[in-house]
Amino acid sequence: MAQQKRSETASAKLTELLKLQVGSISETIEREGQTLFGGSNNLLGNDEINDFCIEFLQLLVALLESRDPHDDASPQFHALEMYFNNLSKQILVRGGRVEDLVRYIQFMQRTLIEALGNDKRSTVEDARTMLLFLSGLFNELILAVFQAYLDEKERTVNAQEAELRETATPITEIWDGVLTLPIIGTLDSNRTMLVMEALLNRIAKEHANAVVIDLTGVKNIDSQVSHHLIQMVRAVQLMGSDAIITGIRPEIARALISLNIDMSNVTTRASLSDGLKEAFRRMGIQVSHKAI
């Protein structure tokens, strides 16, 4: 009971201190914010920094005036935490660094502690209670910043993975019902599975009758990838499409033979052009040169 009473007294005194020194405190943290995020850094405008400082102090006062400022599940605490989380995402999206955000929060904490030190009316016990409160609060705010950083990092990684999947599987409808899939670079198991998933989805979407898989740009192939490739062909066939593999280079052909890969049920052609001709032939399409 005595501890709770001391905590309430300390919160009330800290609230009073903030209200009395709100101008100087706001000016100090605003100036530091302009140094870190304004000017040539061009991450936040002066008005944005000013609004941020004022809103931070308002949210802090609201927390201190709440029923239990130490309750990290309270709406007031959550509002302050989410404000830093959103600010962090905003700065990170604009190219800011998480280190600068942490430095700024630590500077704000020091500014409040210095304001406490200049207040001669508080007892040693009150000052100690307020320091412990501020320490715990700002630790939580730093955690909110790092959570925002991790969220943004995850979003970036997911976006890069999605872009990689798109570039790794350049599936093109070359004709109504005819898809081409040129594979370039090293074909490993993970990439083969990504290609297979994208290809089957595209077949279902386009109702493709034939798929020409060109391996001209594939550098090497191993046993596991070879089996995945055959599985891809069979999956295409199960979906009712013809699968034609083209561009098998001599070293790839030797590797397939040495691995004892059964290619008897797989249609192959020397080049992409030959593969497209075969696909057109199976669909009853005739392509001829137009006489000039």
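Taking all atoms of both residues into account, the shortest heavy-atom contact from Lys89 to Ala148 is CG-CB, 3.8 Å. Taking all atoms of both residues into account, the shortest heavy-atom contact from Ile49 to Gly33 is CD1-O, 3.6 Å. Here the closest heavy-atom approach between residue Leu57 and residue Ile25 is recorded as CD2-CG2, 4.0 Å. Looking at every heavy atom in both residues, Leu92 comes nearest to Gly96 through CD2-O, 3.5 Å. The two residues Thr246 and Gly275 come nearest to each other via the heavy atoms CG2-CA, 3.6 Å. Ala279 approaches Val212 most closely through the heavy-atom pair CB-CG2, 4.2 Å.
Under the 4.5 Å side-chain contact rule for hydrophobic residues, Phe146 and Leu80 share a cluster. Cluster membership check: Leu141 shares its hydrophobic cluster with Leu150, using side-chain heavy-atom separations under 4.5 Å among Ile, Leu, Val, Met, Phe, Trp and Tyr. With hydrophobic clusters built from ILVMFWY side chains whose heavy atoms lie under 4.5 angstrom apart, Met283 shares a cluster with Ile174. A single hydrophobic cluster is not seen to contain both Phe77 and Leu143; linkage of ILVMFWY side chains at heavy-atom distances under 4.5 Å, directly or through other members, places them apart.
The residue from Glu55, Gln58, His78 that alone fulfils the side-chain contact (heavy atoms from CB on, under 4.5 Å) condition with Tyr83 is Glu55. Just one residue in the list Gln237, Arg282, Glu278 forms a side-chain hydrogen bond (donor to acceptor under 3.5 Å, both in side chains) with Thr267, and that residue is Arg282.
The backbone N or O of Leu215 lies less than 3.5 Å from no partner atom in the side chain of Arg249, so there is not a single donor-acceptor pair. The main-chain N or O of Ser24 is found under 3.5 Å from a side-chain atom of Thr28 such that the two form a donor-acceptor pair. Looking at Ser226, its side chain never comes within 3.5 Å of a backbone N or O of Leu256 through a donor-acceptor pair. Under a 3.5 Å cut-off, the side chain of Asn41 and the backbone N or O of Thr35 do form a donor-acceptor pair. A donor-acceptor pair under 3.5 Å is absent between the side-chain atoms of Asn50 and the main chain of Asn46, judged by distance alone.
Atom CD1 of residue Ile213 and atom CG of residue Leu272 lie 11.5 Å apart, to the nearest 0.5 angstrom. Distance CZ/Arg97 to CD1/Ile91: 12.0 Å, rounded to 0.5 Å. Separation of atoms CZ (Phe138) and CD (Gln106) is listed at 10.5 Å; rounding is to 0.5 Å. Taking CG of Leu64 as the reference point, atom NE2 of His70 lies at 9.0 Å (rounded to 0.5 Å). Atoms CD and OG, from Glu206 and Ser241 in turn, are 11.0 Å apart once rounded to the nearest 0.5 Å. Rounded to the nearest 0.5 angstrom, Ser88 OG and Asp100 CG are separated by 11.5 Å.
Contact check for Ile54 versus Ser26: side-chain heavy atoms found under the 4.5 Å cut-off. Considering only heavy atoms from C-beta on, Glu48 comes within 4.5 Å of Gln90 through its side chain. Here the side chains of Ile203 and Val236 are in contact, with some heavy-atom distance below 4.5 Å. Contact check for Leu137 versus Leu63: side-chain heavy atoms found under the 4.5 Å cut-off. Taking 4.5 Å as the limit, every side-chain heavy atom of Met108 sits out of range of all side-chain heavy atoms of Leu112. Counting only heavy atoms from C-beta outward, the side chains of Arg94 and Leu44 approach each other to under 4.5 Å. Looking at heavy atoms from C-beta onward, Asp214 lies out of side-chain contact with Thr180 at the 4.5 angstrom threshold. No side-chain heavy atom of Phe107 sits less than 4.5 Å from a side-chain heavy atom of Leu36.
Judged as a ring-ring contact (aromatic ring centres under 6.0 Å, His included), and not counting sequence neighbours, the contacts of Phe280 are Trp175.
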Go through the steps to decide whether Phe37 and Leu101 satisfy the test side-chain contact (heavy atoms from CB on, under 4.5 Å), and finish with yes or no. CA-CA 9 Å; Phe37 309 121; Leu101 283 164; 4.0 Å; yes
Carefully, step by step, assess Glu99 and Arg103 under the rule side-chain contact (heavy atoms from CB on, under 4.5 Å). CA-CA 6 Å; Glu99 303 96 301; Arg103 289 192 186 98; 3.7 Å; yes
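Ring geometry for Phe52 against Tyr104 counts as tilted: the plane angle lies between 30° and 60°, on a 0 to 90° scale.
The residues Arg31 and Glu27 are annotated as salt-bridged, a charged nitrogen and a carboxylate oxygen being separated by less than 4.0 angstrom.
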